[in-house]
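Take a look at the structure set out below.
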Amino acid sequence: MSALDTLAGGGRPARVALIGECMIELSPVAPELMAVGYAGDVFNTAAYLARCAAPETADVQFVTLIGDDPYSARMREAWAEHGVGSAHSRAVPGGRAGLYLIRTDEHGERTFTYYRSQSAARGLFGPGQPAETDEAVAAHDLVYLSGITLSIIGPAARDRLLDVLDETRRRGGLVAFDGNYRPAGWPSPDAAAAAMAAVLARTDIALPTLTDDRAVFGDATAAEAVARLRAAGVSEIAVKLGERGCVIAGAEGAEEAVPAAPGVEVVDTTAAGDAFNGGYLAARLAGRGRRASAEAATALAARVIGHRGALLPPVPRGAGNRAENRPGDASAPART
């Protein structure tokens, strides 16, 4: 039995803190018209985790910094609509939210244009963050972050974050990490590799994408990624392979492939991997095994890539138990 299996059987909702950035999202709906949304890789995962998890299974909290402008206020309202709490997020006086624009090609592949250099979230774990936030995060049962979380903060803030992860694990909590890699956020792949390796040494559940691990660590195959992650001490792994599905593994034993079914209509691939991560963690916290959780997560991603923008419309909290919202009930797995 893995540590995540034990957490799922704890008899109370798992306390989950997800650390990252939420931005204003502009996505095209017509040649000269764009829709406003609120998204970001870690927040997307938080929203899909909350969507799929019953209230008795998980309490989902998003940890970030936002501005005090009207868009930041509306952003926080949007979190609540998706069932995501903000007890450990703060509004920075004079701060602003980051912004990004999505463009998709005829195959549904997306490109992003970012305006985030002044984003309030860049102050996470900086000198202005009160010690109470570190304490609150470390008290959670599961802490999740991504490579983008690391890329928006500086080296000193990363060191402070590592201390929080150490304290989380000292108290019996778990760390989940997706090394989501955006080259523009790093001076070099080597810099990204060093920062990510420090987190992976403190990670229990790794949810990487092979193309990212290939760019950062040079992994040619999922088996190489699994071997490297096991050597770092990671005990549960799901390597996303895009249209080929994923490979799952534990601390030892053989890897297991979970294939993706063909025939999924791709509208927009934005947040497919984030949805996978949220769906996977929700299923695992509900007590499902690794393979069943990966199948449910891949099916959720199938729904997401058939929808324009990062997030499916919100559903009432706890409605993830209803048949039409359970990720495992989607008709086909998808690229993640």
Would you check if the side chain of [X] reaches a backbone N or O of [Y] as a donor-acceptor pair within less than 3.5 Å?
| X | Y | answer |
| --- | --- | --- |
| Thr298 | Ala294 | yes |
| Thr209 | Asp212 | no |
| Arg51 | His82 | no |
| Asp219 | Thr221 | no |
| Thr149 | Ile19 | yes |
| Tyr144 | Gly278 | no |
| Thr203 | Ile205 | no |
| Ser89 | Thr64 | yes |
| Glu255 | Ala249 | no |
| Arg230 | Gly250 | yes |

Roughly how far, to the nearest 0.5 Å, is [atom2] of [Y] from [atom1] of [X]?
| X | Y | atom1 | atom2 | answer |
| --- | --- | --- | --- | --- |
| Glu243 | Ile305 | CD | CD1 | 10.0 Å |
| Thr211 | Leu241 | OG1 | CG | 9.0 Å |
| Leu165 | Arg170 | CG | CZ | 14.0 Å |

| query | Which is it for Leu18 and Val63 under the side-chain contact (heavy atoms from CB on, under 4.5 Å) test, yes or no, and what are the steps along the way? | reply | CA-CA 6 Å; Leu18 299 97; Val63 182; over 6 Å; no
Hey, are [X] and [Y] close enough for a salt bridge, meaning a charged N less than 4.0 Å from a carboxylate O?
| X | Y | value |
| --- | --- | --- |
| Arg182 | Asp41 | no |
| Glu132 | Arg90 | no |
| Glu81 | Arg74 | yes |
| Glu236 | Arg284 | yes |
| Arg12 | Asp141 | yes |

Flag the pair [X] / [Y] as yes when at least one side-chain heavy-atom distance between them is below 4.5 Å, and no otherwise.
| X | Y | value |
| --- | --- | --- |
| Phe177 | Met196 | yes |
| Phe112 | Leu101 | no |
| Asp134 | Arg160 | yes |
| Tyr181 | Ile148 | no |
| Ser119 | Glu21 | yes |
| Asn180 | Pro208 | no |
| Leu7 | Leu285 | yes |
| His307 | Pro313 | yes |

| request: Scan Asp163, Val143, Asp204, Leu174 and name whichever one has a side-chain contact (heavy atoms from CB on, under 4.5 Å) with Thr168. | output: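 Exactly one candidate clears the test, Val143.
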Measure across [X] and [Y] and return the closest heavy-atom pair with its distance rounded to 0.1 Å.
| X | Y | result |
| --- | --- | --- |
| Ala39 | Asn44 | CB-OD1, 3.3 Å |
| Arg169 | Val175 | CG-CG2, 3.9 Å |
| Gly67 | Ala120 | N-CB, 4.1 Å |
| Ile66 | Arg76 | CD1-NH1, 3.9 Å |
| Leu65 | Gly123 | CD1-C, 3.4 Å |
| Ala296 | Arg288 | CB-NH1, 3.8 Å |

| request: Run the numbers on Leu281 and Val16 for side-chain contact (heavy atoms from CB on, under 4.5 Å), then give the verdict. | output: CA-CA 10 Å; Leu281 292 173; Val16 186; 5.9 Å; no
Tell me whether [Y] is reachable from [X] by hopping between hydrophobic residues (I, L, V, M, F, W, Y) whose side-chain heavy atoms are closer than 4.5 Å.
| X | Y | answer |
| --- | --- | --- |
| Tyr100 | Leu150 | no |
| Trp79 | Val60 | yes |
| Val137 | Leu162 | yes |
| Val226 | Val258 | no |
| Tyr71 | Tyr115 | yes |

| message | Whether Arg116 engages the ring of Tyr114 as a cation-pi pair (distance to the six-membered ring centre under 6.0 angstrom, angle to the ring normal within 45°) should be assessed. | response | yes
| Is the NZ or CZ atom of Arg228 positioned over Phe217's six-membered ring, under 6.0 angstrom from the centre and within 45° of the axis? | yes
| task | Mind telling me whether Phe62 and Phe43 have parallel, tilted or perpendicular rings, with 30° and 60° as the class edges? | result |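 If you compare the ring of Phe43 with that of Phe62, the planes turn out perpendicular.
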| request: Given side-chain contact (heavy atoms from CB on, under 4.5 Å), test Leu161 with Ile153 step by step and report yes or no. | output: CA-CA 10 Å; Leu161 173 56; Ile153 62 177; 4.2 Å; yes
| task | Give the intermediate values and the outcome of side-chain contact (heavy atoms from CB on, under 4.5 Å) for residues Leu300 and Cys52. | result | CA-CA 9 Å; Leu300 174 62; Cys52 297; 3.8 Å; yes
| Exceeds 12 heavy-atom contacts within 6.0 angstrom, atom CD of Glu77 |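 Yes, CD of Glu77 has more than 12 neighbouring heavy atoms, counting only those of other groups under 6.0 Å.
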| message | How about CD on Gln118, more than 12 heavy atoms from neighbouring residues, nucleotides or ligands closer than 6.0 Å, or not? | response |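 Count not over threshold, so no.
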| field | Ser146 and Asp178: side chain donor to acceptor below 3.5 Å | value | no
